[in-house]
Amino acid sequence: DAGVTQSPTHLIKTRGQQVTLRCSPKSGHDTVSWYQQALGQGPQFIFQYYEEEERQRGNFPDRFSGHQFPNYSSELNVNALLLGDSALYLCASSLRQNIQYFGAGTRLSVL
Amino acid sequence: AQKVTQAQTEISVVEKEDVTLDCVYETRDTTYYLFWYKQPPSGELVFLIRRNSFDEQNEISGRYSWNFQKSTSSFNFTITASQVVDSAVYFCALSEPTSGGGADGLTFGKGTHLIIQP
C-alpha cells in the first residue's frame, strides 16, 4: 500500500517563475493538505482540499493556489516566486478528520 | 488563534538516558486534537500519537509515553532508555475538528532537535 507520494523531489527555480508541485494521497484518503517548512522551522499550513474544493486556508498570499482532482490527487502552484519561497513543501493526506499522513516533501530552491 | 510552543530547541543525551520533550499549547476551543510527529533527516513527518482534548489519560507505547495536562496546557513526550535511532526533530501540533467532514490544518511548534549520542 503506497503512502503519500510527492513529485518532484527537488526543484530549482529563479525569482519570478512559477512552479507546480504534485501530491498523490494515501490509498483511501480523500483530503489533502499542503504545508511549507522553512529551514529550522515547523511546517506552516498553506491550505486544504476536500471534495475538489479549497476548504481551509492558512496565512499565505494568493500567489499560492491549488487544485484537487477527482482521484483526490492534488497540485500546489506558486506564482511569481520569491527568494523567501525556498522551503520544503509537504503534502499530507487524511480521511476526513482522521490522522494526517505526510509525504517526504519537495525541496524548492529559488535563486 | 492557536499556538504551539516547544521551548527546547535542541536536546543532547547519551544513549539509554530518559528524555522529555516539552510542548505547551494555546487555543480558545474546548475541543481539539494534539499530536506528536517525528521528522528524521529524510524529511518525512512520521505520526506518533493523536490525543483528543477530552481524554487526559496518559499513554504509553513501548519506550514512548505522553503526559497530557489540560490544567497547564501541556502535552509532554518522554522517551525511556533512548536509542541512537531516536535522533530526529520532534514536532508537537494542534488541530481542531471541523463540522461537515475534513480534518483541520495542523498548527505546529518549531520542533525540538533530539540528538542521542552513542
Side-chain angles (χ1 to χ4, degrees), chain A residues 2-6 8-10 23 25-26 29-60 64 66 68 72 74 87-108, chain B residues 1-10 21-25 27 29 31-54 59 61 88-114:
Chain A
V4 180
T5 57
Q6 293 185 242
T9 306
H10 294 87
C23 173
K26 189 176 169 65
H29 286 183
D30 58 7
T31 302
V32 173
S33 302
W34 287 91
Y35 294 82
Q36 180 196 66
Q37 186 179 18
L39 201 61
Q41 301 295 315
Q44 285 197 294
F45 174 67
I46 302 174
F47 45 52
Q48 181 183 90
Y49 277 84
Y50 172 66
E51 293 186 337
E52 301 180 50
E53 289 189 3
E54 182 185 295
R55 65 183 318 281
Q56 189 188 18
R57 188 178 184 93
N59 189 25
F60 278 81
F64 289 77
Q68 185 178 36
Y72 306 116
S74 177
L88 178 67
Y89 287 85
L90 294 163
C91 170
S93 74
S94 60
L95 178 61
R96 297 201 173 184
Q97 294 186 33
N98 285 322
I99 297 156
Q100 293 186 24
Y101 292 91
F102 285 79
T106 294
R107 175 76 60 188
L108 172 64
Chain B
Q2 300 177 351
K3 185 178 178 182
V4 176
T5 302
Q6 294 181 255
Q8 304 151 310
T9 305
E10 184 176 289
L21 310 182
D22 298 333
C23 172
V24 174
Y25 62 91
T27 178
D29 293 283
T31 303
Y32 51 89
Y33 292 113
L34 292 165
F35 301 79
W36 276 94
Y37 282 86
K38 173 182 179 179
Q39 188 174 42
S42 62
E44 181 174 341
L45 283 162
V46 177
F47 167 78
L48 296 178
I49 189 172
R50 179 180 76 169
R51 178 53 52 128
N52 185 306
S53 56
F54 293 115
E59 182 156 339
S61 176
V89 180
Y90 289 86
F91 290 97
C92 180
L94 171 70
S95 79
E96 293 158 9
T98 57
S99 59
D104 204 4
L106 296 167
T107 299
F108 284 87
K110 292 188 175 182
T112 297
H113 184 198
L114 178 62

Student: Side chain, backbone, both or neither: which part of Tyr35(A) has a non-hydrogen atom closer than 4.5 Å to chain B?
Tutor: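 The answer is the side chain of Tyr35(A).
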Student: Mind checking the CZ-CZ spacing from Phe45(A) to Phe108(B)? Nearest 0.5 Å is all I need.
Tutor: 11.0 Å
Student: Below 4.5 Å, heavy-atom pairs only: which of Gln37(A), Arg57(A), Gln44(A) has the largest tally toward chain B?
Tutor: Gln37(A)
Student: Which pair of heavy atoms, one from Phe91(B) and one from Gly42(A), lies closest together, and at what distance?
Tutor: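 Reported closest heavy-atom pair: CE2-CA, 3.3 Å.
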Student: Quick one: of Pro43(A), Gly58(A), Gly40(A), who has the most non-hydrogen atom pairs under 4.5 Å with chain B?
Tutor: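 Max contact count across the listed options: Pro43(A).
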Student: Would you mind checking which part of Gln6(B) comes under 4.5 Å of any heavy atom in chain A, side chain (CB onward), backbone (N, CA, C, O), both or neither?
Tutor: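 When you check distances to chain A, no heavy atom of Gln6(B) falls under 4.5 Å.
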Student: Just by distance, do the side chain of Gln48(A) and the backbone of Ser33(A) share a donor-acceptor pair under 3.5 Å?
Tutor: no
Student: Take atom NZ in Lys38(B); do more than 12 heavy atoms of anything else shown fall under 6.0 Å from it?
Tutor: yes
